[in-house]
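What follows is a single structure, written as structure tokens, with notes after it.
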Amino acid sequence: MRHLIRACSALTILMVAALPALADQTNVHEPYYGNELNHEEILEAIYGADFAASGKDYYAVGDSGGLNVVRFDDYTDLGDILHVVDATAGSAGDEVWGYGDILATARARYAGYSQQFAIDRGAGVEVLFDVSGHGTSVSGSATLDLSGDTWSWVRRDTDGTNAYYSQQSLNGDGLDHMVTYQIQGMDTDETVWLLFWEDLPGDYGPPGGSDRDFNDLVVEIRSVPEPASLALIAIGLPLIMRRRVKGR
Ligand SMILES: [Ca+2]
Ligand SMILES: [Ca+2]
């Protein structure tokens, strides 16, 4: 009996230790204004596939199958950095990102306000581009080497006002204004993300308050892993050369 109790308490300790970190995903509302696309429709417009929802994720169905759109956490108590190249779902919230070369491209805009996309590495806002166009016919893109950095994404009006950060605590209303999906199954070495932004302040309460539909600005992020073979060559070459010189 005593063995059994001991085994049970050991199991309890194991189960407690294995509990996942506290995580949460911000709620996204359907567009309040009927002429705007929701997330599923925006995904279909961008990637030309037929998507279906599964919880807060989406997957491509029928002939267009193969793509998985995985919603990441908006918050975890790990307080960790989301690695832009190789993050897996549940590894960190989408507030602080790190470590990779990025290509950022505007993909959609359903907003009355102008939209500017930027980052903040801790030393102020650095503008990447202004967005022009409306719906899914938009343009604006930039590349940046952020392989040694951590940063917050920022969206604001093109005159610099009404800034919202991926880091909730930096926002005037203390609320989350960006939700994140990883697009899996694409025919590319790149890690592909979509960032969906809400540009209205405050909690849900249309028509006077925010509609919290997170479709005001949609930005795709692509990140390429550093080619490992090249890195090895860079480390290995001087060693080989030194040996040759010694051997002479
Ligand atoms: Ca978020
Ligand atoms: Ca909105």
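Sequential numbering from 1 along the given sequence is applied to the chain's residues. This structure is a prediction, so every number in the text was calculated from the model and none was measured. In each ligand, atom 1 is the first atom listed, and ligand 1 is the first ligand listed.
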### Query
Would the number of heavy atoms belonging to other residues, nucleotides or ligands and lying under 6.0 Å from CG of D159 be above 12?
yes
#### Entry: Polar side chain donor-acceptor pair, D74 to Q25, under 3.5 angstrom
no
#### Entry: F129 atom CZ, neighbour heavy-atom count above 12 within 6.0 Å
yes
Per-pair distances, 0.1 Å, donor-acceptor, side chain in residues 162-169, under 3.5 Å, sequence neighbours excluded:
{"residue": "N162", "atom": "ND2", "partner": "D157", "partner atom": "OD2", "Å": "2.9"}
{"residue": "S166", "atom": "OG", "partner": "E95", "partner atom": "O", "Å": "2.7"}
{"residue": "S166", "atom": "OG", "partner": "W153", "partner atom": "N", "Å": "3.0"}
{"residue": "Q167", "atom": "OE1", "partner": "S152", "partner atom": "OG", "Å": "3.0"}

### Residues which pass salt bridge (Lys or Arg N to Asp or Glu O under 4.0 Å) with R107, listed by chain and number, not counting sequence neighbours
E220
### Query
Which residues and atoms, counting only protein N, O or S, are under 3.0 Å from the Ca ion (ligand 1)?
D74 OD1, D94 OD1, D94 OD2, D176 OD1, D176 OD2, M178 O
### Message
Taking G133's backbone N and O only, do any of them form a donor-acceptor pair with R109's side chain (distance below 3.5 Å, no angle check)?
### Response
yes
### Message
My understanding is that a hydrophobic cluster links ILVMFWY residues whose side chain heavy atoms are under 4.5 Å apart, including indirect links. Using that, what else belongs to the cluster containing F196?
### Response
V28, L37, I42, L43, I46, Y47, F51, Y58, L67, V69, Y110, V179, Y181, I183, M186, V192, L194, F214, V218
## Note on the structure
At the Ca ion (ligand 2), OE1 of E198 and OD2 of D216 open up to roughly (10° bins) 80°
#### Entry: Contact flag D211/the Ca ion (ligand 2), N/O/S atoms, threshold under 3.0 Å
yes
#### Entry: N, O or S atom within D213 nearest to the Ca ion (ligand 2), by name
OD1
